[in-house]
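What you see below is based on every heavy atom in this structure, not just the backbone, and it leaves out hydrogens, waters and symmetry mates. First the proteins, then the strands, lettered A, B, ... as listed; each starts at 1. Just so it is clear, the model here is predicted, and its values are computed rather than measured.
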There are 2 protein chains.
Amino acid sequence: MAWDTDTTKRKLLEAGVRQFAAAGFAGARMETIGADAGVNKERIYRYFGDKRAFFGAVLEHELTALLDQIVFKGSGPESIAGFMTQLLDRCEERPELSRLLVWESLELDEPVALESRKLGCESKVCGVQSALPNLDQTKAEQLLFSLIALAVGWCELRHLASSIMSTPMSLDEQRATIIEHARALASTNSPSHC
Amino acid sequence: MAWDTDTTKRKLLEAGVRQFAAAGFAGARMETIGADAGVNKERIYRYFGDKRAFFGAVLEHELTALLDQIVFKGSGPESIAGFMTQLLDRCEERPELSRLLVWESLELDEPVALESRKLGCESKVCGVQSALPNLDQTKAEQLLFSLIALAVGWCELRHLASSIMSTPMSLDEQRATIIEHARALASTNSPSHC
DNA sequence: ATAAATTGCAACTGTTTGGTTGGGATTTGC
DNA sequence: GCAAATCCCAACCAAACAGTTGCAATTTAT
């Protein structure tokens, strides 16, 4: 059977996403990543360098595309609510994403692929501004950050949630709440706000 | 010189806070914790059990007191803003706290000291309710969680912040923004909301 | 006073880990 | 069609790691 090095690399990156998301950089095991990918771990070193470089490759591969599929539709606070809805969709279909985002800030000294991500974020900031035109760029950036922090927090601070909630929430209740809070953040600075 | 086992234990717990906050459970080294405390690591095993048990002891020691010093004053959205101000104060004077909170959710299967923390959180939920009396308990819990998620997110998602912000923010600007957003979350459900 | 128990440490152990190597299978360049 | 390069893996290595032990110093109980 022919070699398929691209598939091998892709399988390793996918296994890396799973393992690093689950255990973080320090907790993940190169052996396990190889096994998860169905490939010998030596391949990782040949293709990506050492553990740290591979971690960076995995993060870059995932995080640069985090916001790309999200578009702002309509205008006003409802547009922000729509953004949050899409963001939560992405967190549900790919739960590794938000975990990787947290691991990155906790375990790395420097952000990964800063410049390309800045570009992607910049376009989302514009989206926020076109939804709420009376926000200046700084305010729009701050709002975008709070929105993502809210989504990531609700997804990843699970033990804090169990300490606070007297009753476990269903996924749908969670979504509704987060979207409602996103609307609240947007409303304060919207033109229709009294 | 006389033995001072209580001081030894306290030094170990303090070193544990520093090291676990910095590196997480998987990343922290028992040797390093001992050295940080100025004590042989064997003391950890004698006093606290194995690494996991020590991690639990450290988390319990820190996290149970997280919200205890915070009190709700006044009423309405301003009371919520005051809560956030105190929360940010605590995050600044003890930056390890919010990191430990995140590590806990990422690295532990079960929350630490769940029952005692539930008690502390319950009283904060009451605080939220007395500030915003038209919230039922569930809504108050959700608001409290979003507030903490916001604070923790702004403190710990630092690489996300550098991707979004075109210009680095000063600590004071950050505080003002977060408190403003807290007010926004509170205002939507306040009686004075139009 | 002195035996029992506790504190603290340096040195040690068995295992796990990141990373490498040697060699056989497969493809590519000429 | 064959030599060089590439792909892949099992086995290997040295360093790092969690956890232990033996022993001397100190305290406590009687």
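Counting heavy atoms from C-beta on, the side chains of B:I148 and A:L157 never come closer than 4.5 Å.
Every residue was checked against the salt bridge (Lys or Arg N to Asp or Glu O under 4.0 Å) condition with A:E141, not counting sequence neighbours, and none meets it. Taking the salt bridge (Lys or Arg N to Asp or Glu O under 4.0 Å) definition, one finds that B:R29 meets it with nothing, sequence neighbours left out.
Counting only N and O atoms by type, the side chains of B:Q142 and A:T177 include a donor and acceptor under 3.5 Å apart.
Ring centroid separation for the pair B:F25 and B:W103 does not come in under the 6.0 Å cut-off.
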Sugar-phosphate atoms are those with a prime plus P, OP1 and OP2; base atoms are the rest. Using that split, label each nucleotide of nucleotides 5-20 of chain C B, S or - for protein heavy atoms under 4.0 Å, 5' to 3'. --BBBB------SBBB
